[in-house]
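Structure, as structure tokens:
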Amino acid sequence: MPCTVVTGAFWGDEGKGKIISYLALKDQLDVCVRTGSVNAAHTVWYQGKRYALHMVPAAFINEKCRLLIGVGANVHIAQFFKEVEVTNVKNRIGIDHQASIIQEKHSIQDKTNSHLKGVVGTTGWGVGPAIEERVRRSAKLAKDIPELQPYLTDVAREVNNAIDNGNKVLLEGVQGLMLSLFHGTYPYVTGRDTSASAICSEAGVGPTKVNNVLIVFKAFMTRVGGGPLPGELPKEETIKRRWFEIAATGRERRAAPFNFELAKKTVMINGATQAAVTKLDILYLQCKGARTYAELPEEAKQFINEIEKQTGIPVVLIGTGPEALDIVDRRK
Ligand code: IMP
Ligand code: MG
């Protein structure tokens, strides 16, 4: 029953795109299902090229992998076609016929709502309003759009068949638990639940079909938009530590040191069985490009040990650079 859910630990931008692209090649994934919507970008670096994916699953770098967009995702038609072209995946990508369409009017609703724009700090893609429309039972669906006809499929059936046939399936979560509509720092959250259970629901996979929940941590915490960030550092300090990041949207990410109490909470609610830690090379320079655990400096190993001790789950993947293959893989 080889089905893994990849979920974000904190406020998104943990490097899930990198981890998923690594697994796509290393584990020879057969199927990858993207959940969530266009507000979340997954970055994949491969063969010197950078891809920022808002729609296409991050496993695309494995040319044999079937790529699916789950029923719980909102499809942004223009972005979908743009990415399908850049990644050249036209012949192996499918969209659930009952996924909702996100329209220009939804983005305008986000951008003109002062609470969402000024307080919550929405990305402005219109994901919340598109979900509202779905809840009102007036949403446009993928099956209503003529250009999408060649891509339509029953994602739940495809994925469940793949799992039952012993194929390797990955469910790609977006954002992170602290942005969950239910479990996050409400009201500074996104318009959907982001937990591992919600990822399964959006893909149409029941909880008994999943055997692995891989939670992705970054070696420090970041957040864009409003809301609390425990231990937040002043911008000058984040620059000094090289933790300062600018999101694809051009917004500055706030940053704080890794928080073990929050780590325990997110592991619990996600039911995580394994962890990945990305950007360890930013915390400890000597880790850059390492591909074996033995190469890591002592203090980096201690940090990893502490995460394992406090959360009770093994850290199996460690990111040591931006490229998909810059990883220490501790799995057997
Ligand atoms: P919205 O979901 O676009 O309305 O944004 C709501 C909140 O979630 C804002 O604070 C955003 O910055 C944050 N957010 C949404 N998507 C992402 C993401 O992919 N990464 C990080 N933050 C996100
Ligand atoms: Mg991102």
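No experiment lies behind these values; they were computed from the predicted model shown. Atom set for the values below is all heavy atoms of this structure, side chains included, hydrogens, waters and symmetry mates excluded. Quick note: residue numbers are just sequence positions, from 1.
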Are [X] and [Y] linked, directly or through other ILVMFWY residues, by side chains that come within less than 4.5 angstrom of each other?
X    : Y    : value
V89  : F80  : yes
I20  : I163 : no
L233 : Y284 : yes
I102 : I95  : yes
L141 : I93  : no

Main chain of [Y], side chain of [X]: is a donor-acceptor contact present, judged purely on distance under 3.5 Å?
X    : Y    : answer
E232 : A255 : no
S21  : G17  : yes
T311 : I307 : yes
N259 : E261 : yes
T122 : D110 : no
T153 : G94  : no
R330 : T292 : no
K16  : A58  : no
S107 : G124 : yes
K235 : R254 : no

Please report the interatomic distance [atom1]([X]) to [atom2]([Y]), rounded to the nearest 0.5 Å.
X    : Y    : atom1 : atom2 : value
L280 : I304 : CG    : CD1   : 5.0 Å
N74  : Q103 : CG    : CD    : 10.5 Å
F60  : N88  : CZ    : CG    : 10.0 Å
C3   : L171 : SG    : CG    : 4.0 Å
I145 : L148 : CD1   : CG    : 6.0 Å
L23  : K18  : CG    : NZ    : 11.0 Å

Between the side chains of [Y] and [X], is the shortest nitrogen-to-carboxylate-oxygen separation below 4.0 Å, so that they form an ion pair?
X    : Y    : answer
R241 : E236 : no
D96  : K143 : no
K105 : E133 : yes
E14  : K218 : no
E85  : K90  : no
R136 : E132 : yes
R253 : D13  : yes
K288 : E295 : no

Side-chain H-bond candidate by donor/acceptor type, [X] with [Y], under 3.5 Å:
X    : Y    : answer
N270 : S195 : no
Q175 : R192 : yes
E306 : Q302 : no
R223 : T185 : yes
D326 : T320 : no
D193 : S180 : yes

Heavy atoms of other groups near [X] [atom1], more than 12 under 6.0 Å:
X    : atom1 : answer
K240 : NZ    : no
R157 : CZ    : no
E63  : CD    : no
D144 : CG    : yes
K301 : NZ    : yes
E147 : CD    : yes

Quick one: are the ring centres of [X] and [Y] less than 6.0 Å apart?
X    : Y    : result
F217 : F10  : yes
Y188 : Y186 : no
W125 : H54  : yes

Are side-chain heavy atoms of [X] and [Y] found at a separation under 4.5 Å?
X    : Y    : answer
T222 : W11  : no
L262 : M221 : yes
I269 : L177 : yes
E245 : F220 : yes
R291 : I327 : no
M55  : V75  : yes
D30  : R66  : no
H76  : E104 : no

Side chain to side chain contact (heavy atoms under 4.5 Å, CB included), that's the test. Do Q274 and I313 meet it? Break it down for me.
CA-CA 6 Å; Q274 297 185 322; I313 58 170; 5.7 Å; no

Testing I199, V155, V210, V33 for side-chain contact (heavy atoms from CB on, under 4.5 Å) with V205, which one passes?
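So, applying the side-chain contact (heavy atoms from CB on, under 4.5 Å) to V205 and each of I199, V155, V210, V33, only V210 qualifies.
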
State which residue, out of T278, L214, V277, V216, fulfils the side-chain contact (heavy atoms from CB on, under 4.5 Å) condition with L317.
L214

Show, in sequence, the C-alpha distance, side-chain angles and deciding distance for E172 and H42, and conclude whether the side-chain hydrogen bond (donor to acceptor under 3.5 Å, both in side chains) test is met.
CA-CA 10 Å; E172 175 172 354; H42 283 178; 2.6 Å; yes

Quick one, V159 with K209, criterion side chain to side chain contact (heavy atoms under 4.5 Å, CB included). Give me CA distance, side-chain angles, the key distance, then yes/no.
CA-CA 10 Å; V159 179; K209 292 273 181 96; over 6 Å; no

Which pair of heavy atoms, one from P2 and one from G166, lies closest together, and at what distance?
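Heavy-atom minimum between the residues: CG-O, 3.6 Å.
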
List the steps and the verdict of side chain to side chain contact (heavy atoms under 4.5 Å, CB included) for V56 and R34.
CA-CA 7 Å; V56 167; R34 164 107 186 199; over 6 Å; no

Apply side chain to side chain contact (heavy atoms under 4.5 Å, CB included) to residues R92 and C65 and explain how you reach the verdict.
CA-CA 8 Å; R92 57 187 174 104; C65 188; 4.3 Å; yes

